[in-house]
Amino acid sequence: MSFFAGEYDVVVVGAGHAGVEAGLAAARMGKSTLMLTINLDGIALMACNPAIGGTSKGHLVREVDALGGQMGISADATLIQMRMINTGKGPAVHSLRAQQDKKDYQRYMKQVLENTENLEIAEGEAVEILTEKGCAVGVVTASGREYRCKAVILACGVYLESNIIIGEYNVKSGPCGLKNSTGLSDCLRRLGFELRRFKTGTPPRVDKRTIDFSVFEEQKGDKPIIPFSFLSDGIKREQQSCYLGYTNERTHEILRSNLSRSPMFSGSIKGTGARYCPSIEDKVTRFGDKPRHQLFLEPEGRDTNEIYVQGMSTSMPEDVQIEFIRSIKGLENAHIMRSAYAIEYDCIDPTALKQSLEAKSIAGLFFAGQINGSSGYEEAAAQGIIAGINAVQYIKQEEPLILDRSEGYIGVLIDDLVIKGTNEPYRMMTSRAEYRLTLRQDNADLRLTEKGYKVGLVSKERYERMLEKKNGLEKAVKRLKSTHVGKDEYLGMLLEERQAGDMNSSSLYDLLKRKGIYYRDIAVYDSEQPSKEVIEQLETEAKYEGYIVKQQKQIEEFRRNESCLIPDDIDYDEVGSLRIEAVQKLKKLRPKNIGQAGRISGVSPADISVLSVYVHRMKAMKNMH
């Protein structure tokens, strides 16, 4: 028996990394928002790796921040180590990664939520989504509370009918011993959503007092600390080290000899795991020629002895975990404080969603995070902020904020999920972004802050700060292009030393294009000194100008295809010469434009050529009438 418990504009189900960003976005945009969570202690929980960012994921954090999100600010406030990774490669793939104090991050984020205007938090398990006339209008909890609303955002993470597996031990539970969700999956099926079963996992946590760190390679944080948030300035903090080590043949022998006891290989795990984040027993099996595999010892916080053994994710029985961990040099006496485990959970087929993350079949019902088949805190946060923004846009009856693949990694992430779908936990990678040279983490604010400002999420102060950087960059480029230097003894020697060509009359901008020449080398000739952020942009724009120009032309072609809209009333059965598979996929996914149609698995370039001709013919006939 349910009872009326309150009315809100938006109800967010879940308070993980997706739910946090969704709730904050909706509340900060002025809408009364309720965040429902199974356990208040699970808010912003880092159930797996105690880190934010990494390859491509750092891009997502910067983009969430640029749109007015919270993850980057909270990560900067609670980091215990920051590193820029991939610095040996080009700037397109440079990514920040911060080791976090996981409990401090939770406390910080919970405090932000509790003190946000228009936002209320309540502990409770959502078991039913109320709909009327094809629209989401409320949520009912297991205890009978009925909340009415104008939009619902489901950000349930890995809690739907979740199952923890450690060897032969199997228990219905959420991560870290938290309660799982037992009613919402059935509700979603009744509403017509197709559910699938995915799996993820974590490694053991060991007591740092039982580790011989002297045999591991120390990895210190970067100095100075480069922050995630464009609002964070001059972070000064003592950083903790991480450590690099390796497995050995003895480790692999233990794992191979116990494969019959592995839930992954015995068949007791039914969920599909991520190829790009395999368990250690999977690595040893798939890459049998490798004599060793990397592992990283990462502190879980400043005030705990728990060390996260990254690279050792497993669902092996506990006795096997102890044996193979202790076979590693430096971990011979390791005490496991928390056992590794696998977790299975329900998620939806994300092709059931629009690019706004609203369900195609139910207006006002949005989905964000791992319930959409993605993995990772950063992917969840990225979807969360978009779902939060678009729930408000839906209520206001305004156009949703949709980022395309040329505008951000967030656009790539969502486009991949809703257009291509995924048959395994989806992980963001730089290789997925076709236009990554223009989608760098350092220019996320220039790309996205104005969009966040227009929908009312980004503050005026932040927007003006971005404009200052943008104007500073434009002036610096113009100034350097118009400042020429003739023959100069210092420059001549510098160019010869760096093997950067001969000295001739060149603009400062042309000099900056040369390999091995940086702004600091020519700063003395510049009449003004730009900010550090502008210098970073200057150097990248100059050195990669040719590639960037080429990529801009590719983006123009991409946008032409995106602007070629497919009529909503198109009958794919009437399109001659389309293959049967293409017809089936197009009818199911109903792409909005030719660009989307071309990204659907099973639709070939030949199908797109046929479809393009048909669409143009349809439009011509309509114009005649």
Side-chain angles (χ1 to χ4, degrees), residues 10-26 33-38 60 64 126-131 134-139 149-162 181 183-198 345-395 400-403 410-411 413-422 425-426 428 589-590:
V10 179
V11 172
V12 179
V13 178
H17 305 282
V20 162
E21 295 294 349
L24 286 173
T33 304
L34 173 69
M35 180 180 289
L36 268 178
T37 175
I38 282 183
L60 289 172
V64 168
V127 294
E128 187 176 356
I129 307 302
L130 300 176
T131 62
C135 300
V137 296
V139 172
C149 58
K150 299 171 185 173
V152 175
I153 302 172
L154 296 184
C156 308
V158 298
Y159 287 81
L160 295 187
E161 300 293 343
S162 55
S181 169
L184 204 51
S185 288
D186 286 340
C187 172
L188 290 173
R189 288 190 185 95
R190 290 194 299 272
L191 291 174
F193 292 95
E194 177 190 333
L195 299 188
R196 61 266 305 270
R197 197 77 172 157
F198 278 2
Y345 56 94
D346 288 343
C347 57
I348 68 164
D349 177 355
T351 61
L353 307 179
K354 303 175 185 178
Q355 286 195 304
S356 62
L357 296 180
E358 182 184 19
K360 293 175 180 176
S361 59
I362 301 174
L365 178 60
F366 296 80
F367 292 76
Q370 287 183 269
I371 193 173
N372 289 342
S374 63
S375 69
Y377 311 144
E378 303 82 3
E379 289 90 340
Q383 295 170 68
I385 194 169
I386 295 298
I389 289 170
N390 286 333
V392 174
Q393 295 297 91
Y394 164 79
I395 292 169
L401 174 64
I402 294 173
L403 302 179
I410 294 177
L413 163 67
I414 294 175
D415 188 78
D416 278 352
L417 288 172
V418 306
I419 301 299
K420 299 178 181 179
T422 183
Y426 177 98
M428 193 68 233
L589 297 175
R590 309 297 300 185

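Since the model is a prediction, treat every value here as computed from it, not as a measurement.
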How far does CZ of F367 sit from CD of Q383, to the nearest 0.5 angstrom?
-> 12.0 Å
Evaluate the side-chain proximity of V12 to L154: yes if any heavy-atom separation is below 4.5 Å, no if none is.
-> no
Using a 4.5 Å cut-off on heavy atoms from C-beta on, say whether the side chain of V64 contacts that of E21.
-> yes
What do the steps show when you test L417 against Y426 for side chain to side chain contact (heavy atoms under 4.5 Å, CB included), and what is the final call?
-> CA-CA 8 Å; L417 288 172; Y426 177 98; 3.8 Å; yes
Please examine the side chains of I371 and L188, heavy atoms only from C-beta on, and report whether any two atoms are closer than 4.5 Å.
-> yes
Are side-chain heavy atoms of L160 and C347 found at a separation under 4.5 Å?
-> no
Identify the two heavy atoms, one from A136 and one from T131, that lie closest to each other, and give their separation to 0.1 Å.
-> CA-CG2, 4.2 Å
Does the E379 side chain pair with the main chain of G369, one donor and one acceptor, at a distance under 3.5 Å?
-> no
Residues A15 and T37: closest non-hydrogen pair is CB-CB, 3.7 Å
Where L36 and A126 come nearest, the two heavy atoms and their spacing = CD1-CB, 4.4 Å
Shortest non-hydrogen contact from A382 toward L60 | CB-CD2, 4.1 Å
Geometric class of the Y377/H17 ring pair [parallel <30°, tilted 30-60°, perpendicular >60°] = tilted
Would you find a donor on one side and an acceptor on the other, under 3.5 Å apart, between the side chain of N372 and the backbone of S374?
-> no
Where do A391 and I153 come nearest, in terms of heavy atoms and distance?
-> CB-CD1, 3.8 Å
Between F193 and S361, does a side chain to side chain contact (heavy atoms under 4.5 Å, CB included) hold up when you go through it step by step?
-> CA-CA 9 Å; F193 292 95; S361 59; 4.0 Å; yes
Does a side-chain heavy-atom distance below 4.5 Å link V139 with L130?
-> no
Hey, does the side chain of E161 reach the backbone of Y345 with a donor-acceptor pair shorter than 3.5 angstrom?
-> no
In Å and rounded to the nearest 0.5 Å, what is the CD to CG distance from E128 to D186?
-> 11.0 Å
Roughly how far, to the nearest 0.5 Å, is the CD1 atom of I410 from the CG atom of D415?
-> 13.5 Å
Supply the atom-to-atom distance L195 CG to R189 CZ, rounded to the nearest 0.5 angstrom.
-> 4.5 Å
What are the two closest non-hydrogen atoms of A25 and I389, and how far apart are they?
-> CB-N, 4.1 Å
I would like to know whether L401 and I386 meet side chain to side chain contact (heavy atoms under 4.5 Å, CB included); could you show each step before the answer?
-> CA-CA 7 Å; L401 174 64; I386 295 298; 4.2 Å; yes
Are the side chains of L34 and C149 in touch, meaning some heavy atoms are under 4.5 Å apart?
-> no
Any side-chain heavy-atom pair from L184 and I129 closer than 4.5 angstrom?
-> yes
Apply the test side chain to side chain contact (heavy atoms under 4.5 Å, CB included) to residues V127 and C187: give CA-CA distance (whole Å), side-chain angles for both, the deciding distance (0.1 Å), then the verdict.
-> CA-CA 7 Å; V127 294; C187 172; over 6 Å; no
Donor-acceptor contact present, side-chain N390 to main-chain L357, <3.5 Å = no
Short question: side chain of R196, backbone of T422 - any donor-acceptor pair under 3.5 Å?
-> yes
Close side-chain approach of E194 to I348, heavy-atom, < 4.5 Å | no
Please answer whether the main-chain N or O of G138 pairs with a side-chain N or O of K150 as donor and acceptor at a distance below 3.5 Å.
-> no
Ion pair D346/R197, N-O distance below 4.0 Å | yes
